[in-house]
Amino acid sequence: MRKETCCFTGHRQIPQGEQEEIANRLERVIAALYQKGVRYYGAGGALGFDALAARTVIRLRGNSPGMKLILVLPCLTQTRGWRPEDIAEYERIRAQADKVVYTAQQYTPGCMHRRNRHLADHSGVCVCYLTKEIR
């Protein structure tokens with residue numbers, strides 16, 4: 001199943017003026033992966049690129065038989081401290097996911113890392129949105 005699975009990672013903030021272009025590029029990438037047999041798409045439920053990727057999979061799966069959105073979430077309280085509008089969007093995405101996996105019940109110092117490891121360890125492909133140099 002790993003060969004049929006893609007995960008996403010990227011920045012938590014996407015400039016408003018770039019969201020449509022990134023969404024269009026992401027749509028093309030996901031469509032190409034789907035044509036190569038990738039059917040499962042994992043997102044970590046974070047703000048920014050995770051949410052954009054999840055919304056894109058939700059939009060595409062209507063015309064893509066077998067395409068599934070799997071949310072891998074770090075804990076039940078991931079949205080603690082988020083703005084109400086971000087929580088509402090998170091809940092909309094979660095309600096439309098085909099599967100939701102929690103790597104911990106409560107927040108712990110390592111739960112975000114466990115979420116990331118789960119996504120990476122179960123995926124054959126990782127699509128990343130990165131605009132800054134990592135040192």
Side-chain angles (χ1 to χ4, degrees):
M1 190 162 137
R2 186 175 179 174
K3 290 181 182 180
E4 298 176 348
T5 304
C6 168
C7 67
F8 302 99
T9 189
H11 296 299
R12 299 296 177 245
Q13 294 180 342
I14 301 173
Q16 192 67 31
E18 296 177 24
Q19 289 186 14
E20 185 175 343
E21 178 189 341
I22 293 166
N24 290 336
R25 291 173 67 188
L26 182 58
E27 190 170 314
R28 291 191 300 272
V29 168
I30 293 170
L33 289 170
Y34 180 82
Q35 291 301 315
K36 292 182 178 186
V38 177
R39 296 295 183 263
Y40 305 101
Y41 297 84
L47 298 172
F49 189 67
D50 278 13
L52 179 65
R55 287 191 304 269
T56 304
V57 171
I58 290 166
R59 187 171 56 255
L60 291 176
R61 73 178 173 191
N63 295 322
S64 305
M67 182 181 281
K68 304 288 184 195
L69 173 63
I70 303 165
L71 292 182
V72 179
L73 306 176
C75 61
L76 294 170
T77 57
Q78 179 176 5
T79 60
R80 185 179 306 172
W82 288 17
R83 299 177 314 161
E85 58 269 26
D86 292 332
I87 294 171
E89 179 64 8
Y90 171 90
E91 293 298 339
R92 277 191 293 276
I93 291 169
R94 193 167 63 107
Q96 295 180 74
D98 295 290
K99 182 177 180 181
V100 178
V101 175
Y102 292 95
T103 59
Q105 292 297 307
Q106 299 299 321
Y107 177 83
T108 63
C111 71
M112 300 295 180
H113 177 74
R114 279 193 300 281
R115 183 256 331 258
N116 296 344
R117 281 280 22 123
H118 183 96
L119 285 163
D121 289 347
H122 292 86
S123 298
V125 176
C126 181
V127 175
C128 177
Y129 166 64
L130 178 68
T131 61
K132 299 174 186 170
E133 184 176 327
I134 298 176
R135 294 180 183 223

- Query: Please walk me through it: do V72 and T103 pass side-chain contact (heavy atoms from CB on, under 4.5 Å)?
  - Reply: CA-CA 7 Å; V72 179; T103 59; 3.9 Å; yes
Inter-residue atom distance [X].[atom1] - [Y].[atom2], 0.5 Å rounding:
X    : Y    : atom1 : atom2 : value
R117 : L119 : CZ    : CG    : 10.0 Å
N24  : T56  : CG    : OG1   : 9.0 Å
L60  : L33  : CG    : CG    : 11.0 Å
R80  : Y107 : CZ    : OH    : 10.0 Å
I14  : L52  : CD1   : CG    : 5.0 Å
F8   : C128 : CZ    : SG    : 11.5 Å

How about [X] and [Y]: do any of their side-chain heavy atoms sit closer than 4.5 Å?
X    : Y    : value
K99  : L71  : no
V57  : I30  : yes
I87  : E91  : yes
R114 : T108 : yes

For the pair [X] (side chain) and [Y] (backbone), establish whether a donor and an acceptor sit closer than 3.5 Å, ignoring hydrogens and angles.
X   : Y   : answer
R39 : M67 : no
Y40 : K3  : no
Q78 : G45 : yes

Might you point out which heavy atoms bring [X] and [Y] nearest each other, and give the distance in Å?
X    : Y    : result
C111 : A104 : CB-CB, 4.0 Å
A54  : I93  : CB-CG2, 3.6 Å
P65  : Y34  : O-OH, 2.6 Å
T5   : M1   : OG1-O, 2.8 Å

- Item | Of all pairs that satisfy salt bridge (Lys or Arg N to Asp or Glu O under 4.0 Å), the ones with a partner from residues 26-38, not counting sequence neighbours |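 For residues 26-38: E27-R59.
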For [X], does the [atom1] atom sit with more than 12 other heavy atoms under 6.0 Å from it, leaving out its own atoms?
X   : atom1 : answer
N63 : CG    : no
R2  : CZ    : yes
Q13 : CD    : no

- Answer yes or no for R12 and F49: cation-pi contact, defined as NZ/CZ to six-membered ring centre under 6.0 Å and angle to ring axis within 45°.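 So R12 doesn't make the cation-pi contact.
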- Task: Please identify each residue that fulfils side chain to side chain donor-acceptor pair (under 3.5 Å) with E89, with sequence neighbours left out.
- Result: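 Only R55, R92 meet the side chain to side chain donor-acceptor pair (under 3.5 Å) criterion with E89.
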- R61/D98 under side-chain contact (heavy atoms from CB on, under 4.5 Å): CA gap, chis, key distance, verdict: CA-CA 11 Å; R61 73 178 173 191; D98 295 290; 2.7 Å; yes
Kindly work out whether a path of hydrophobic side-chain contacts (I/L/V/M/F/W/Y, heavy atoms less than 4.5 Å apart) joins [X] to [Y].
X   : Y    : value
I70 : V125 : no
I58 : V101 : no
L47 : Y102 : yes

- For H113, ring-ring contact (aromatic ring centres under 6.0 Å, His included) partners two or more places apart: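 Once residues adjacent in sequence are excluded, H113 has no partner under the ring-ring contact (aromatic ring centres under 6.0 Å, His included) criterion.
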- Show your working on side-chain contact (heavy atoms from CB on, under 4.5 Å) between C7 and C126 and close with a plain yes or no. CA-CA 5 Å; C7 67; C126 181; 3.6 Å; yes
- side-chain contact (heavy atoms from CB on, under 4.5 Å) between Y90 and L73, worked out: CA-CA 11 Å; Y90 171 90; L73 306 176; 3.2 Å; yes
